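Step one of this worksheet: look at the structure below.
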Amino acid sequence: MVVVSGSNSRALAEDLAMELGWDHHLLEARRFPDSEGYIRIPEESIDAVRNGPVVLVSNTFPDAGIVETLLLLNALKDVRSGLTENLKEIGPQSMDDVGTGLIVAIPYFGYSRQDKRFRPGEAISAKTIGKLLSQHCDGIVVFDLHAPAALEGLSVPVAFTSAMPEVANHLKENVNPDFILSPDKGAIDRASSVAEAINLPFSYLEKTRIDAHTIVHKAKNLDVDGKIVAIVDDMIATGGTICKAADALKSQGAKEIHAACTHGLFTGGAISRLTNHVDGVHSTSSLVNSRAVISGGPALARGVREILEKL
Ligand code: R5P
């Protein structure tokens, strides 16, 4: 049983392997000069990926990650099916089929926010990517997916795993907040689970997104005067949601404000914008960034164990 990774999730794959007590193998994933991807399972990893279940940790973000994930899954599927014939006649040219057990664990599922058809004619992108992946593996682990309903009804089992237990521990140990806030209705379940885990009061804001960069919150009285508040969300992209929520908290007397999320996308100068509005930014390691202080390994391991029970 091994955990493997390509070019985008090595550190998290190593953490997952450690959590599971499995080995980690790095697969070859590089770019041709024209930017197309090349992937290969090294000869020394062929036996390992055929020996029991294999978990590929790979992000479907940015777009190149989708192609790389599909190519890695196909190469793994071929090797596991015994299809090793090659023009240079290196190694055995065919082997037995080792059967099912190919799992993909996706730390950050790109396109997760296009989970519905908001206007006629739109692609439901999250569903399309989910369907594509399901054709090339036996199970999928997704980490704090924005809207799990988008992946309902796929042909393979899907485990929706969450880092909120680790976010709660991290906040308790490093921030010691007095209050947890969800910046919109969509994050209520996640943020309230953090509040419950560390026994803190909780509230939420009602957000209206005018466009990608403009957010409005409905006025609400929050009991935060003199308190340390942690805002918890599934992802931070431009930082607009958090900055607006922080403004509302400050105007009501909050003493210190922290932002915590699973996915730190931090697009277009988000970190410096956030630094002007909050006292700390904390994310998991689903994406590589300077605020990735919470390992996603334990959450991914829970998801992998769930899928293994279903195979
Ligand atoms: C949306 O509902 C999500 O949960 C996040 O609140 C949102 O995607 C964050 O985006 P931004 O940082 O650009 O406001």
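Quick caveat: nothing in here was measured; it's all calculated off a predicted structure. Both counts, for ligands and for their atoms, begin at 1 and track the order of listing.
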Does Lys220 make a cation-pi contact with Tyr204, if we ask for NZ or CZ under 6.0 Å from the ring centre and within 45° of the axis?
yes
Side-chain donor/acceptor pairs under 3.5 Å, residues 304-311, sequence neighbours excluded:
from, atom 1, to, atom 2, distance (Å)
Arg305, NH2, Glu19, O, 3.4
Glu306, OE2, Lys310, NZ, 3.3

So for atom NZ, which belongs to Lys172, do other residues, nucleotides or ligands contribute more than 12 heavy atoms lying within a distance under 6.0 Å?
no
Any chance the side chains of Asp15 and Ser295 put a donor and an acceptor closer than 3.5 Å?
yes
Considering only distance and modelled atom types, tabulate donor-acceptor pairs under 3.5 Å from the side chains of residues 224-232, sequence neighbours left out.
from, atom 1, to, atom 2, distance (Å)
Lys227, NZ, Asp223, O, 3.1
Lys227, NZ, Asp223, OD2, 3.3

Under the side-chain contact (heavy atoms from CB on, under 4.5 Å) test, residues paired with Pro201 that sit two or more places apart
Phe179
What does the 4.0 Å heavy-atom contact list look like for ligand 1?
Arg113, His146, Asp184, Lys207, Arg209, Ile215, Asp233, Asp234, Met235, Ile236, Ala237, Thr238, Gly239, Gly240, Thr241
